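Only one structure is covered here, and it is reproduced in the block below.
Every chain is numbered from 1 and lettered A, B, ... according to where its sequence line falls, protein lines coming before strand lines. Small disclaimer: the values here were computed from a predicted structure and weren't measured.
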Number of protein chains: 2
Amino acid sequence: MNLRELAASLGLSQTTVSRALNGYPEVSPETRLRVEAAARAANYQPNSRARRLATGRAMTIGHVITHTGETEMVNPIFADFLAGAGEVYAREGYDLLLSIVHEGAAERAYRQMAANGSVDGVMVQGPRVEDPRIGVLQELGLPFLVHGRTGDSAGYNWLDIANLRAFRRATEFLLDLGHRRIALINGQEAMDFAARRRRGYEEALRARGIAPDPALMSADVMTEGYGHRAAANLLDRSNAPTAFLVSSVISAIGVRQAAIERGLHLGRDISIITHDDVLSYLNNDAEGPAFTATRSSIRAAGRRCAEILIERIKHPDAPFVHELWEAELMVGRSTGPAP
Amino acid sequence: MNLRELAASLGLSQTTVSRALNGYPEVSPETRLRVEAAARAANYQPNSRARRLATGRAMTIGHVITHTGETEMVNPIFADFLAGAGEVYAREGYDLLLSIVHEGAAERAYRQMAANGSVDGVMVQGPRVEDPRIGVLQELGLPFLVHGRTGDSAGYNWLDIANLRAFRRATEFLLDLGHRRIALINGQEAMDFAARRRRGYEEALRARGIAPDPALMSADVMTEGYGHRAAANLLDRSNAPTAFLVSSVISAIGVRQAAIERGLHLGRDISIITHDDVLSYLNNDAEGPAFTATRSSIRAAGRRCAEILIERIKHPDAPFVHELWEAELMVGRSTGPAP
DNA sequence: AGCAATTCCCAAAGCGCTTTCAATTCAGAC
DNA sequence: GTCTGAATTGAAAGCGCTTTGGGAATTGCT
């Protein structure tokens, strides 16, 4: 059933039927009701391909997710972010076009989306400290929103969490507990969020007169194995740290494992604070691991990012939106006074 | 730059330019070269909206991912599956339309995709023992492929792993090591894969004259917390199991944690076998946890599923494809003789 | 009653491609 | 020379919708 047939069956023109269904005012109430009833009865759905061509809008938002070359790893936090954003898209009638490519191919993916008009805007995730994607998107004139920040953050829309403050705060918390040798198990520091977290950690240490010790810091893709390996190395040293600051729950599980293997008791012999994205399948709650954590839901971020982006698509000339979220510090059972 | 402008700039008709770019034979080699050069120079990309309308093909594949009501959990294995499928889609020129909805809304999502023609086919993941989606898709006449199986599996395309055999094999492995009280920490048994795994487990026990003990079996959404909780309960009983068969690495981590908390040493006091989907961020290899595992890459499955589905879209009348993959049993450090 | 302003509806022109059908050219066959 | 058929190219008709620019009927105002 298409519009022409529906119109014919009603003895109306396509124009009127189209207007009736799309809520335009120049249709009499009775006609609108009649049309709506007929459309429902015939289970009429406008052909989205035709509509897109006619309106020039794709009603689609593009997400380009990259995986890093070496490990081919797809960051699992994307799933939760997508779930949050997807909720909003569905509500607003947008489709979500997902493209998963190697890191170097992201630019091409964006160019293609822009050139062939398959999306109205794109969501950028996981920006690096220097991220070429931003410049490309600015040049393309495609509306976009960055989850995170990079470079000169004034010239585009972004939503980020206060990574620096969160990790400064977490470090201060450990310092207050008397810890002096605090290890940082960070994500890859080419990523903007990781770079900021490190700065927060270092600032807090310096503010207490402690020089950051490069031997206590590591940075890598945040897998469980990495957390385990990094912690194992550090714990086997003569001058082992008494506390760990970890960038993800997945890695924190590895760190915990390394500690336990060495007979250390969490919150007594060793302290761990992790950043917690509140992933649905790794709940860090009272009955779970209950790590002390800086906490900010990635899914909620996805929702809000989607809202902002759609707003931007509707009003491309509005001023840039910058939204900074604070992470909350949740005290769990993985921290305690320095031994 | 659109086709008309490009054609005008070349002094050719749209017809010829279109043909030249799309590889039709009725264009002279020189003309084709000229057109291709001009298209490259002008960075011409055909408007996908127009092309879709004209051809009637969406060049898009739909994935509808559901999250269960209570937990709102998005299964993280989807990310890896999508990454695999996405690779193939990109190669074949297909887009991936992702819809993340509540369980009950899946049917409506499919109907909508079919009615408004936004996809050429859909991928179905995580089928339940009785799954209404299959019937809906058959009725809609939309090509689809199921990752997994359900009900009468003859009437549609699917790719699955041999869940029953994998878990029977794993159970036999534990039995051979002398274990007699083996717990099953399964996924929700409304899911087809989990139901099959359970049958495999029970078959193996019965074959050795052991009656499956309902007290040793549990089933739930496979989070870390669930694994921890279920194992803790079992281990605190008087007649605790000596081995665990777990349906996912994430839950296995929780099980391991519960065991360690009770001073049990893996592979000596307690054995764990888990199913391993080879998730990129939870690598279960030599330097990682190294669980003994039944192993099958979900990402590889995603790749193959995409290939099959595209093939089906191109040849809708071909006979149904059924592909059953064996999981391999990888012996790690988490299993040993019964104490 | 006469006029302008609404109200409601329609015909037709796109949107930017693909594809059918027809036209033209030219080589080779008679 | 004429005819046939292959090789190239184009004109134009869609694909199914939205939207512009009228037009007829109705209403409101003087």
Ordered by number, residues from residues 44-52 of chain A within less than 4.0 Å of DNA chain C (heavy atoms) are none
Per the end-axis method with five pairs at each terminus, what is the bend angle of the helix from dA1(C)-dT30(D) to dC30(C)-dG1(D), to 10°? 50°
Whole angstrom is fine here: how far is it from CG in Leu21(B) over to P in dT9(D)? 13 Å
Please state how far atom CG in Leu53(B) lies from atom C1' in dA13(D), giving the value in whole angstrom units. 13 Å
Is Gly11(B) touching bases, backbone alone, or none of the nucleic acid, heavy atoms closer than 4.0 Å? sugar-phosphate
Can you say whether the rings of Trp158(A) and His322(A) are parallel (under 30°), tilted (30 to 60°) or perpendicular (over 60°)? parallel
I would like to know whether Thr16(B) and Ser13(B) meet side-chain hydrogen bond (donor to acceptor under 3.5 Å, both in side chains); could you show each step before the answer? CA-CA 5 Å; Thr16(B) 303; Ser13(B) 72; 3.2 Å; yes
Is it true that Arg32(A) and Glu36(A) have a side-chain N and a carboxylate O under 4.0 angstrom from each other? no
By ring pair (Phe, Tyr, Trp, His ring centres under 6.0 Å), Tyr89(B) pairs with (sequence neighbours left out) His63(B)
Please report, rounded to the nearest Å, how far the P atom of dC15(C) is from the CE atom of Met59(A). 21 Å
Which whole-number value in Å describes the distance from Leu10(A) CG to dC9(C) C1'? 14 Å
Using side chain to side chain contact (heavy atoms under 4.5 Å, CB included) as the criterion, list what pairs up with Glu26(A), not counting sequence neighbours. Arg19(A), Tyr24(A)
Glu5(A) has an atom CD; how far is it from atom C1' of dC15(D), in whole Å? 13 Å
Spacing between Glu30(A) atom CD and dC8(C) atom C1', to the nearest angstrom: 10 Å
Find the distance between CD1 (Ile134(B)) and OG1 (Thr150(B)) and round it off to the nearest 0.5 Å. 6.0 Å
Who are the side chain to side chain contact (heavy atoms under 4.5 Å, CB included) partners of Ala54(A), not counting sequence neighbours? none
Determine, stepwise, if the pair Ser48(A) / Arg52(B) fulfils side-chain hydrogen bond (donor to acceptor under 3.5 Å, both in side chains). CA-CA 10 Å; Ser48(A) 69; Arg52(B) 281 160 204 217; over 6 Å; no
Using a strict cut-off of less than 4.0 Å between a Lys/Arg side-chain nitrogen and an Asp/Glu carboxylate oxygen, indicate whether Asp192(A) and Arg149(A) qualify as a salt bridge. no
Using whole Å, report how far CG of Leu12(B) lies from P of dA11(D). 11 Å
Atom CG of Asn2(B) to atom P of dC15(C): distance rounded to whole Å? 9 Å
Readout for nucleotides 19-26 of chain D: B = base within 4.0 Å of protein heavy atom, S = sugar-phosphate only, - = neither; 5' to 3' it is BBB-----
Working to the nearest 0.5 angstrom, can you tell me the gap between His147(B) NE2 and Glu323(B) CD? 10.5 Å
If we ignore angles and hydrogens, is there a donor and acceptor under 3.5 Å between the side chains of Ser28(B) and Thr31(B)? yes
